[in-house]
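Right, one structure below, let's go through it.
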Amino acid sequence: MPELPEIQTIVDDLNKIILNKKIKKVDIRLPKIIRGANKTFCSVLKNNSFQKISRRGKFIIIQLSQKNKYLIVHLRMTGQIIYINKDKIIAGGHSEEKNQFDLPNKQTHLIIYFQDQSKLFYNDQRQFGFWQVVSLNGVKEVQSKLGLNPLGVEFNLLSFKKLLENKKGNIKAFLLNQKYVAGLGNIYTDESLFRAYILPSRKIETLTLKEIKKLYKAIKDILVLSIKYRGTTFNNYVDARGRKGKFIKFLKIYKKEGQKCSRCKKEIIKKIKIAGRGTRYCSYCQE
Ligand SMILES: [Zn+2]
């Protein structure tokens, strides 16, 4: 599932290459992928262009050239965006499926054709993702439901500490909850907690200030490093320039169950379920 670093990577890539290209045609191949009327979606996009692409949490927000029109995109579990312009390919999002750039294929649910012959494909194996046309108010509504941006100035030790005050339950569920901190998913919560020496099952009220500090720093460091390496991809999912998400090399705990912990070199990494998600931890390093 794409998380903040993977979303940020595709947003950065698209901003460099797709802006101001006039949209010629839209082909919706699976109507339910579009929220709202399909007809309206097509008519708004036609002759429009992408003016600016940004990210909030795991949402992609595309400002269109037409005033007060935006696209909200969420990739959910398996959404992929692939932009092809002649021999140039920009791809991002879900990566665990073998990717073919022989498109469209049976997982292609939306195609946006640009006037310059380039195309944007939306693939989604499990079909949980969506695209929606909204006004600025619609964008604000999405934003209002999301918590702190862990890469923004609003995410600092003080705000993080305040957010944790009077919260019940375990720290992993808290970090996954998008209304507190927006953008973290299973990979980056497990990696952050490991880096901060904190068990995912720890009750929030038992965290010391020192631990909160460590966790705050771990979240920031992990996200910055992951964006630097274009996120985490689990196969040879590459774009035409041969790039793939290289953060996989830096993973210390995610999908490492059954292996010896690389930090303490004593304990075998275990996997349990917390907050409904497969959760990895080292019982020696984390407490
Ligand atoms: Zn360990």
Side-chain angles (χ1 to χ4, degrees), residues 1-9 58 77 94-96 147-148 150-151 155-157 160-161 163-165 167-178 180-237 244-287:
M1 181 177 176
E3 302 178 31
L4 189 154
E6 293 77 41
I7 303 289
Q8 190 65 53
T9 301
K58 298 179 213 166
M77 302 294 285
H94 177 67
S95 75
E96 295 189 66
L148 300 176
L151 294 177
F155 185 69
N156 51 53
L157 182 60
F160 186 50
K161 190 175 152 277
L163 206 59
L164 287 160
E165 273 169 19
K167 295 291 187 308
K168 298 264 179 290
N170 66 66
I171 186 66
K172 164 126 187 189
F174 172 90
L175 292 177
L176 286 174
N177 193 330
Q178 301 298 300
Y180 299 136
V181 179
L184 297 174
N186 215 25
I187 300 175
Y188 299 102
T189 49
D190 281 6
E191 289 295 324
S192 299
L193 287 163
F194 177 76
R195 199 176 175 104
Y197 297 85
I198 298 167
L199 280 174
S201 57
R202 268 289 288 285
K203 292 276 174 274
I204 295 167
E205 64 266 30
T206 67
L207 293 173
T208 64
L209 181 58
K210 204 174 152 196
E211 285 176 319
I212 292 172
K213 239 184 219 173
K214 268 191 197 158
L215 181 56
Y216 163 74
K217 195 169 179 303
I219 293 169
K220 282 233 164 197
D221 291 350
I222 291 274
L223 290 178
V224 168
L225 191 68
S226 183
I227 289 171
K228 186 179 164 196
Y229 289 98
R230 303 178 56 78
T232 307
T233 54
F234 290 97
N235 61 5
N236 296 323
Y237 187 91
K244 65 176 192 173
K246 292 199 177 79
F247 191 71
I248 192 164
K249 285 196 277 184
F250 299 89
L251 294 176
K252 298 270 190 283
I253 197 102
Y254 185 76
K255 289 207 169 169
K256 303 282 183 193
E257 60 269 26
Q259 298 180 28
K260 198 173 261 185
C261 171
S262 63
R263 191 162 57 192
C264 63
K265 300 191 169 59
K266 285 184 175 135
E267 214 31 67
I268 299 291
I269 293 166
K270 292 184 191 72
K271 183 183 172 190
I272 51 166
K273 218 163 212 188
I274 295 181
R277 309 292 304 271
T279 299
R280 288 86 176 174
Y281 68 96
C282 169
S283 59
Y284 182 85
C285 290
Q286 291 165 271
E287 57 181 4

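Order of appearance sets the numbers: ligands from 1, and atoms from 1 within every ligand. Positions are given from 1 along the sequence.
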> For N177, what residues pass the side chain to side chain donor-acceptor pair (under 3.5 Å) criterion, not counting sequence neighbours?
Replying inline: none
> Looking only at atom types and distance, does a side-chain atom of E6 sit under 3.5 Å from a main-chain N or O of R230, one as donor and one as acceptor?
Replying inline: no
> Would you find a donor on one side and an acceptor on the other, under 3.5 Å apart, between the side chain of Q8 and the backbone of I227?
Replying inline: no
Side chains of residues 212-221: which donor-acceptor pairs under 3.5 Å do they make with residues two or more places apart or in other chains?
unit_1	atom_1	unit_2	atom_2	d
Y216	OH	F155	O	3.2
K217	NZ	D221	OD2	2.9

> What side chain to side chain donor-acceptor pair (under 3.5 Å) pairs are there with at least one residue in residues 274-287, not counting sequence neighbours?
Replying inline: K172-T279, E257-R280, K266-Y284, K270-S283
> Can you say whether the rings of F247 and Y188 are parallel (under 30°), tilted (30 to 60°) or perpendicular (over 60°)?
Replying inline: tilted
>> Check for me: within less than 2.8 Å of the Zn ion (ligand 1), which protein N/O/S atoms show up?
In response: C261 SG, C264 SG, C282 SG, C285 SG
